[in-house]
Amino acid sequence: MTEPISIGTSTMPGLLYTRLMDKLGCLQKEGFPLNIGVDKIGEFTFMDCRLQERQGKNNKEAFDLIKNSIASCLADIIVEEWEARIIRRIVRVNYFYYNDEEKQAILNKAREVLNPGGYDSFQIRQRKEKVMEKILGYFEIHKDLILEGFINFRLKEYQNELEEIVNSAVDEFMLEKEYMEFIRLLKYFVEIQEPRVDKIKIIFKKNGKFMMLDAHDRPFIHECLNGLMVDLLENDINYDDLLISALITLAPRKVELHLEEGVEPGDTIRTILNVFGRKATQCGGCRHCRPDWEE
């Protein structure tokens, strides 16, 4: 008989055994004389997978097939089960100063990056292939593999990749946190302002600029905007900043947003909707949105 491949783990041994039996059981049904033994040594459970040699058969080919099946099984377990443990550990160790709610938000963002298309996405298949390649390389020299040790010492590159994803998730989390604080501050300014106008219509143009109209569709003119126009000319203020500043200054009772055909809702529109809440509405289509529209 050939030398067995032995897989040991102290974490979820039942899961490892079930997965191995599912993978290798298919080979047994196809006629491969394969024995799977289970042994427990201390806290570790070992699964020994041994191929019985057959006369007149290509035993090396059969052994390589079994080795690939085992490597595929372990890669699935590492990516599908251990990956979540690894990113939780990274967050716990590297970002211990965040509270539990913030840590969970970071974990959720990291998972969104790791699994953008569910559990059969290209990114997941790619990570499994990389891990499987590492396992097969290990099996070229060794026949005994302890799962925890292999992950900790042989998958450094994989863990570094996960750490980079967690770091990106933290950056995104901080940006969103700062944005929400910014929105909260703008909401406060709007609430304490006395409304200077009842209604403003804003038309977002395809050229990246905007128009402000009053309730009667006339170009909006107000003395409060004179100072803002001076700031625009004297300082490096873009049109989006000017619009937000104007709306905060005027604190209108109602804001109507119109997007010309082809204009995608961007950060400025999202900010206006968040700050003004029920006071802001986005038009579903009218002559301001479509110049060729007929009433």
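Throughout, residue positions are numbered sequentially from 1 according to the sequence presented.
- Using a distance-only test at 3.5 Å, with no hydrogens or angles considered, a donor-acceptor pair links the side chain of Gln159 to the main chain of Ile151.
- A salt bridge links Asp64 to Lys67: one of the charged nitrogens lies within less than 4.0 Å of a carboxylate oxygen.
- No continuous path of ILVMFWY side-chain contacts below 4.5 Å connects Ile272 to Leu213, so the two sit in separate hydrophobic clusters.
- With salt bridges taken as basic N to acidic carboxylate O contacts below 4.0 Å, none links Asp48 and Lys143.
- Defined by atom type and a distance below 3.5 Å, a donor-acceptor pair is present between the side-chain atoms of Asn167 and Tyr95.
- Salt-bridge check for Asp198 with Lys254: failed, with every basic side-chain N at 4.0 Å or more from each acidic carboxylate O.
- A donor-acceptor pair under 3.5 Å is formed between the side chain of Arg127 and the backbone N or O of Leu114.
- In this structure, Lys199 does not pair ionically with Asp214, as no charged nitrogen and carboxylate oxygen lie closer than 4.0 Å.
- Using a 3.5 Å distance cut-off with no hydrogens or angles, the side chains of Asn108 and Gln104 do pair a donor with an acceptor.
- For the residue pair Thr271 and Tyr179, a side-chain donor N or O sits within less than 3.5 Å of a side-chain acceptor on the partner.
- Between Lys206 and Glu260 no salt bridge is recorded (no basic side-chain N to carboxylate O distance below 4.0 Å).
- Looking only at distances, no side-chain donor or acceptor of Ser72 sits under 3.5 Å from a matching main-chain atom of Asn68.
- Residue-environment remark: CD (Glu133) stays at or below the threshold of 12 foreign heavy atoms within 6.0 Å.
- In this structure, Gln193 contributes its side chain and Ile248 its backbone to a donor-acceptor pair below 3.5 Å.
- Side-chain atoms of Glu102 come within 3.5 Å of backbone atoms of Asn99 as a donor-acceptor pair (strictly under, hydrogens ignored).
- Looking at Lys130, its side chain never comes within 3.5 Å of a backbone N or O of Gln126 through a donor-acceptor pair.
- Under a 3.5 Å cut-off, the side chain of Tyr138 and the backbone N or O of Asp144 do form a donor-acceptor pair.
- Within 6.0 Å of atom OH in Tyr17, 12 or fewer heavy atoms from other residues, nucleotides or ligands are found, so the atom counts as exposed in its surroundings.
- A salt bridge does not link Arg111 with Glu83: none of the charged nitrogens is closer than 4.0 Å to a carboxylate oxygen.
- The main-chain N or O of Thr11 is found under 3.5 Å from a side-chain atom of Glu148 such that the two form a donor-acceptor pair.
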